[in-house]
Amino acid sequence: IDDAEHVDQSTTEFVTSLLQWSGGQRIFVVISGREGFLDRLGWQTDTTGSVMTLRLQPLTSTETAEILHELAPELSSGAIGTLAAAAEGNPLFALELLRSLADRGLLRRSVAGYQLVGDEAELAALDLPPTLGALTGARLDALPQPERQLVRDLSVLGMDFPRGAVPAVCRPTPSGEDFNVLLDSLVNRQVLETVEPDDSHYGDLSFSSALLRSVAYERLTRRERRSLHLAAATHLEAGFDRESPELAGPEAPFVEVVAAHYSAALLAVPEAVDAPEVRRKAVLAYIAAGDQALQVGHPAGAEAHFIVAGELASDHELGIAARSFEKAGEAANLLGEFARSIEAFNRASTLYENGGATRAAARCRGKSSGSHNRMGNLEEGVRGLKAALEVLDIGAPDVDAAQVAWRIARALLDTGQAEAARPYVDMALAGARALSDWPLTVQVLSLSGFLMDTLGRGAEAGAMYDEA
């Protein structure tokens with residue numbers, strides 16, 4: 001994982017769980033990032049004994065000079081020394097210096113390395129930018145206008161991207177230059193580089209450095225960013241039905257990226273006239289991304305996506321926001337993060353209540369109480385479940401009521417209250433059978449069998465197990 005200071009919450013949680021799980025396995029994980037990223041991500045303290053931290057110090061002048069000599073063997077020791085001093089031990093700065101000199105025509109790239117063009121005295125007289133950021137900006141400023149505009153537009157697509165996405169997303173240049181010609185030129189200038197699409201690269205072109213892409217992105221106006229992010233989302237979302245998030249997620253390959261583009265467009269110009277429409281598209285894309293994450297066995301990512309969806313929708317569409325937080329609570333339960341699931345279920349319950357969805361609010365209070373049970377807070381959990389059941393057990397059989405009754409019975413059995421659990425087992429079983437909910441019926445029959453065993457009624461227990 002490169003540039004780990006930029007990773008999102010779901011990746012952080014995935015790596016944390018991987019480090020905990022893989023302590024005894026032959027798995028080698030390499031993570032690189034800027035100073036302090038371990039503290040920010042909570043990876044500073046290793047309790048497994050399986051993490052080695054290497055803090056890379058700046059290169060010495062001699063080490064920097066050796067790198068420069070390998071890259072530009074024709075340069076004199078004096079020129080090498082000048083460039084090494086300017087780089088201040090940063091190898092990327094050293095490389096960008098050479099690229100900048102090539103952009104100015106003082107060096108020429110070749111298979112053998114950077115070759116001097118003309119008089120070295122001209123190189124020595126240059127006023128070199130004092131920082132890597134300034135140098136990167138100077139490189140962008142030196143590009144011809146069509147290429148400079150294209151680089152800025154490309155920055156919206158991320159660190160790497162497919163060549164085929166460029167015409168669909170980027171603005172035509174004023175003179176109508178061919179995109180492929182401009183892209184080839186940017187590769188020759190080492191602003192971009194070609195890569196092989198694989199698990200670590202989404203496309204076949206990549207920025208030569210994350211800093212270069214970042215500087216280019218910062219030079220876009222807010223409205224330019226918005227327009228380009230919307231174009232990128234539109235290009236990627238073919239076949240992705242935003243109005244049916246339950247159906248949209250699993251089959252859409254770039255749902256998470258689409259969601260990020262819509263979110264970035266909304267953030268760029270939140271006061272835009274069509275901001276509500278863009279917000280809704282972002283919300284439904286994040287819900288679909290969460291569903292997709294669950295399908296591939298990544299509940300931490302799902303939880304993060306559902307929470308973003310809920311927060312985006314909270315002040316605008318209460319029902320969608322509530323359902324998003326409810327899904328986040330379910331994902332947190334899969335991770336065993338019961339405190340987080342309780343918080344998410346409670347947020348969902350409040351939103352449902354505010355929207356007048358009383359039964360849905362009760363359902364979420366029941367799920368929150370179920371999480372309390374799993375944390376060992378059985379008394380509080382049962383009390384909350386009974387309160388939820390009072391709302392749900394009204395009218396026709398209801399799957400939410402049956403599930404809450406089943407949770408109450410299980411909690412009571414866990415505390416040795418077998419007789420008190422019986423009416424709730426009967427209620428859950430009647431509801432599950434009436435609804436033909438066979439998975440729930442099997443769960444309740446198994447619990448009923450355990451109850452009969454506890455009461456010393458082995459024949460009835462056997463019948464329940466057999467039916468299950």
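The residues of the chain are indexed from 1 along the displayed sequence. Both backbone and side-chain heavy atoms feed into the values below; hydrogens, waters and symmetry mates do not.
For the 3.5 Å distance criterion, the side chains of Ser369 and Glu380 fail to qualify, holding no donor opposite an acceptor. Inspection of the Arg407 and Asn373 side chains reveals no N or O donor paired with an N or O acceptor under 3.5 Å. Using modelled atom types, one finds a donor on one side chain and an acceptor on the other under 3.5 Å when comparing Tyr262 with Glu237.
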> Where do Leu186 and Val151 land on the side chain to side chain contact (heavy atoms under 4.5 Å, CB included) test, with the steps shown first?
Replying inline: CA-CA 8 Å; Leu186 290 170; Val151 170; 3.6 Å; yes
If you apply the rule side chain to side chain contact (heavy atoms under 4.5 Å, CB included), what do you find for Leu92 with Ser209, and how did you get there? CA-CA 9 Å; Leu92 177 58; Ser209 75; 4.3 Å; yes
| task | I would like to know whether Arg222 and Glu271 meet side chain to side chain contact (heavy atoms under 4.5 Å, CB included); could you show each step before the answer? | result | CA-CA 11 Å; Arg222 291 193 306 132; Glu271 70 276 14; 3.1 Å; yes
How far apart are the C-alpha atoms of Arg171 and Glu224, what are their side-chain angles, what is the distance that settles it, and do they pass the side chain to side chain contact (heavy atoms under 4.5 Å, CB included) test?
-> CA-CA 10 Å; Arg171 297 168 290 178; Glu224 286 175 332; 3.0 Å; yes
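Evaluation of the side chain to side chain donor-acceptor pair (under 3.5 Å) test over residues 69-79, restricted to residues two or more places apart or in two chains, returns Ser76-Glu120.
Using a 4.5 Å cut-off on side-chain heavy atoms (C-beta onward), Leu150 and Thr173 make no contact. Within the 4.5 Å cutoff, the side chain of Glu353 has heavy atoms near those of the Thr358 side chain. The shortest side-chain heavy-atom distance between Leu440 and Leu435 does not fall under the 4.5 Å cut-off. Put simply, the side chain of Glu330 reaches to within 4.5 Å of the side chain of Lys367, judged on heavy atoms. Using a 4.5 Å cut-off on side-chain heavy atoms (C-beta onward), Phe325 and Ser349 make no contact. With a 4.5 Å cut-off on side-chain heavy atoms, Thr64 and Thr60 do not count as touching. You'll find the side chain of Pro174 reaches within 4.5 Å of the side chain of Gln145, heavy atoms only. Using a 4.5 Å heavy-atom cutoff, the side chains of Leu68 and Leu95 are not in contact.
With rounding to the nearest 0.5 Å, the separation of OG in Ser341 from CG in Asn333 is 4.0 Å. In this structure, Thr131 OG1 and Asn90 CG are separated by 10.5 Å, a value rounded to the nearest 0.5 Å. Of the inter-residue distances, the one linking Leu83 atom CG with Ser61 atom OG reads 12.0 Å to the nearest 0.5 angstrom. Between Thr194 atom OG1 and Leu183 atom CG the span is 11.5 Å, to the nearest 0.5 Å. Atom CD1 of Ile1 is separated from atom CD1 of Ile31 by 5.0 Å, given to the nearest 0.5 angstrom. If you take CG on Asp153 and OG on Ser227, they are separated by 8.5 Å, rounding to the nearest 0.5 Å.
One finds a salt bridge joining Arg99 and Glu96 here, because a Lys/Arg side-chain nitrogen approaches an Asp/Glu carboxylate oxygen to under 4.0 Å. We find that Arg152 and Glu147 are not joined by a salt bridge, their nearest charged nitrogen and carboxylate oxygen being 4.0 Å or further apart. Salt-bridge formation is not detected for the pair Arg279/Asp315: no Lys NZ or Arg NE/NH1/NH2 atom is positioned less than 4.0 Å from an Asp or Glu carboxylate oxygen. Electrostatic pairing of Asp141 and Arg219 counts as a salt bridge here, judged by a charged N lying under 4.0 Å from a carboxylate O. With respect to Asp204 and Arg163, no salt bridge is recorded, no charged nitrogen being found less than 4.0 Å from a carboxylate O. Remark: Arg225 does not engage Glu218 in a salt bridge, criterion side-chain N to carboxylate O under 4.0 Å. Using a cut-off of 4.0 Å between Lys/Arg side-chain N and Asp/Glu carboxylate O, Glu317 and Arg323 are scored as not salt-bridged.
Nearest approach of Cys364 to Ala348, heavy atoms of both residues: SG-CB, 3.7 Å. For the residue pair Phe306 and Ile287, the shortest heavy atom distance occurs at CE2-O, 3.4 Å. Nearest heavy-atom pair, Ala300 versus Leu335, reported as atom, atom and distance to 0.1 Å: CA-CD1, 3.6 Å. Minimum heavy-atom separation, Ala285 to Val258: CB-CG1, 4.4 Å. Taking each heavy atom of Phe345 and Ser371 in turn, the nearest pair found is CE1-OG, 3.7 Å. The two atoms that bring Pro299 and Leu294 nearest to each other are CA-CD2, 4.1 Å, heavy atoms only.
Ser263 places no side-chain N or O within donor-acceptor distance of the main-chain N or O of Ala260, the cut-off being under 3.5 Å. Of the possible donor and acceptor atoms, none in the side chain of Ser185 sits under 3.5 Å from a partner among the backbone N and O of Val181. Side chain of Ser214 to main chain of Ala210: no donor-acceptor pair is present (N/O by atom type, distance under 3.5 Å, no hydrogens or angles). Panel note: side chain Arg148, backbone Leu143; a donor-acceptor pair is recorded below 3.5 Å. Looking only at distances, no side-chain donor or acceptor of Arg108 sits under 3.5 Å from a matching main-chain atom of Gln115. Of the possible polar contacts, none joining the Gln295 side chain to the Gln292 backbone as a donor-acceptor pair under 3.5 Å is found. The backbone N or O of Arg189 lies less than 3.5 Å from a partner atom in the side chain of Arg109, making a donor-acceptor pair. The closest donor-acceptor contact from the side chain of Asp160 to the backbone of Leu205 lies at 3.5 Å or more, if one exists at all.
Under a cutoff of 6.0 Å and an axis angle of 45°, Arg363 and Tyr352 form a cation-pi pair.
The local environment of CZ in Arg223 is sparse, with at most 12 non-hydrogen atoms from other residues, nucleotides or ligands closer than 6.0 Å.
Aromatic ring pairs are classed by plane angle as parallel below 30°, tilted from 30° to 60° and perpendicular above 60°; the pair His229 and His261 is tilted.
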